[in-house]
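Remember, it's a predicted structure, so these values are computed and weren't measured experimentally.
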Amino acid sequence: MEFSIELEKYWRHKISKALKELRAEKSLDYIHKHNDYSKQTAIDFTMKLFDVMREELSEEKIIHAVTACGCEYPKQDLEAIRLDYLKHQDLERVHAK
């Protein structure tokens, strides 16, 4: 997968929101102090963030924070794809969209 600065920013926003809900102040401080978005920095950032989260959160809370960051596919696009499949009954056609 190609590195995307926009996806990295989106992920950091989502994890920040989840950590704020959990009142994970150390983790939030770490996120706010690091705003470089290069590919290698993103990897290092994520590894260190998990270290910081382990210091202040239980495993269950870390799982909650991370799973709250899932990217959601726009539902309006799915509806159009569903209707196309119902009309043509062709998986290859809808996978190409």
Side-chain angles (χ1 to χ4, degrees):
M1 178 181 208
E2 188 175 319
F3 177 73
S4 165
I5 290 174
E6 292 307 312
L7 181 59
E8 180 67 17
K9 287 180 181 180
Y10 178 75
W11 181 81
R12 289 188 193 191
H13 171 74
K14 295 274 286 195
I15 193 95
S16 294
K17 187 175 173 181
L19 292 169
K20 186 175 182 180
E21 176 186 311
L22 295 170
R23 295 187 173 102
E25 296 301 323
K26 284 183 183 179
S27 299
L28 287 167
D29 288 344
Y30 177 77
I31 291 170
H32 294 301
K33 289 179 183 175
H34 296 85
N35 57 6
D36 182 10
Y37 295 102
S38 70
K39 183 176 183 177
Q40 187 57 47
T41 303
I43 293 167
D44 295 340
F45 167 85
T46 302
M47 292 174 67
K48 177 64 177 164
L49 176 60
F50 272 85
D51 290 341
V52 175
M53 287 192 299
R54 282 187 201 100
E55 291 175 11
E56 68 177 336
L57 297 173
S58 67
E59 182 177 347
E60 292 79 22
K61 288 183 178 183
I62 293 171
I63 290 169
H64 170 79
V66 173
T67 57
C69 299
C71 294
E72 298 177 19
Y73 196 86
K75 289 184 172 74
Q76 68 272 14
D77 292 348
L78 292 176
E79 182 63 18
I81 291 169
R82 184 182 78 79
L83 293 173
D84 188 34
Y85 176 75
L86 290 173
K87 181 177 180 181
H88 299 282
Q89 299 289 306
D90 184 353
L91 282 176
E92 288 183 25
R93 178 185 170 97
V94 295
H95 280 248
K97 291 187 175 224

Would you give the length of the straight line joining atom [atom1] of [X] to atom [atom2] of [Y], rounded to the nearest 0.5 angstrom?
X	Y	atom1	atom2	value
E56	R23	CD	CZ	12.5 Å
S27	K48	OG	NZ	10.0 Å
I31	H13	CD1	NE2	11.0 Å
M53	K26	CE	NZ	13.5 Å
L49	R54	CG	CZ	9.5 Å
L83	H88	CG	NE2	10.5 Å

Are [X] and [Y] packed together at the side-chain level, in the sense that at least one heavy-atom pair is separated by less than 4.5 angstrom?
X	Y	value
L19	L57	yes
L86	R82	yes
Y10	K14	yes
E60	I63	no
V66	F50	yes

Do you know the tightest heavy-atom contact between [X] and [Y]?
X	Y	answer
H64	T67	O-OG1, 3.3 Å
T41	S38	OG1-OG, 2.6 Å
R12	A42	NH2-CA, 4.1 Å
A65	L22	CB-CD1, 4.0 Å

Under the 3.5 angstrom rule, does the side chain of H34 hit a backbone N or O of Y30 as a donor-acceptor pair?
yes
Do side-chain atoms of E8 reach the backbone of Y37 as a donor and acceptor pair under 3.5 angstrom?
no
Enclosure of Q89 CD (heavy-atom neighbours >12, cutoff 6.0 Å)
yes
Same hydrophobic cluster for L91 and I81, using side-chain heavy-atom links shorter than 4.5 Å among ILVMFWY?
yes
Chi angles and distances behind the side-chain contact (heavy atoms from CB on, under 4.5 Å) call for I43, M47
CA-CA 6 Å; I43 293 167; M47 292 174 67; 4.0 Å; yes
Please identify each residue that fulfils salt bridge (charged side-chain N to carboxylate O under 4.0 Å, His left out) with D90, with sequence neighbours left out.
none
Any carboxylate oxygen within less than 4.0 angstrom of a Lys/Arg side-chain nitrogen, looking at K87 and D84?
no
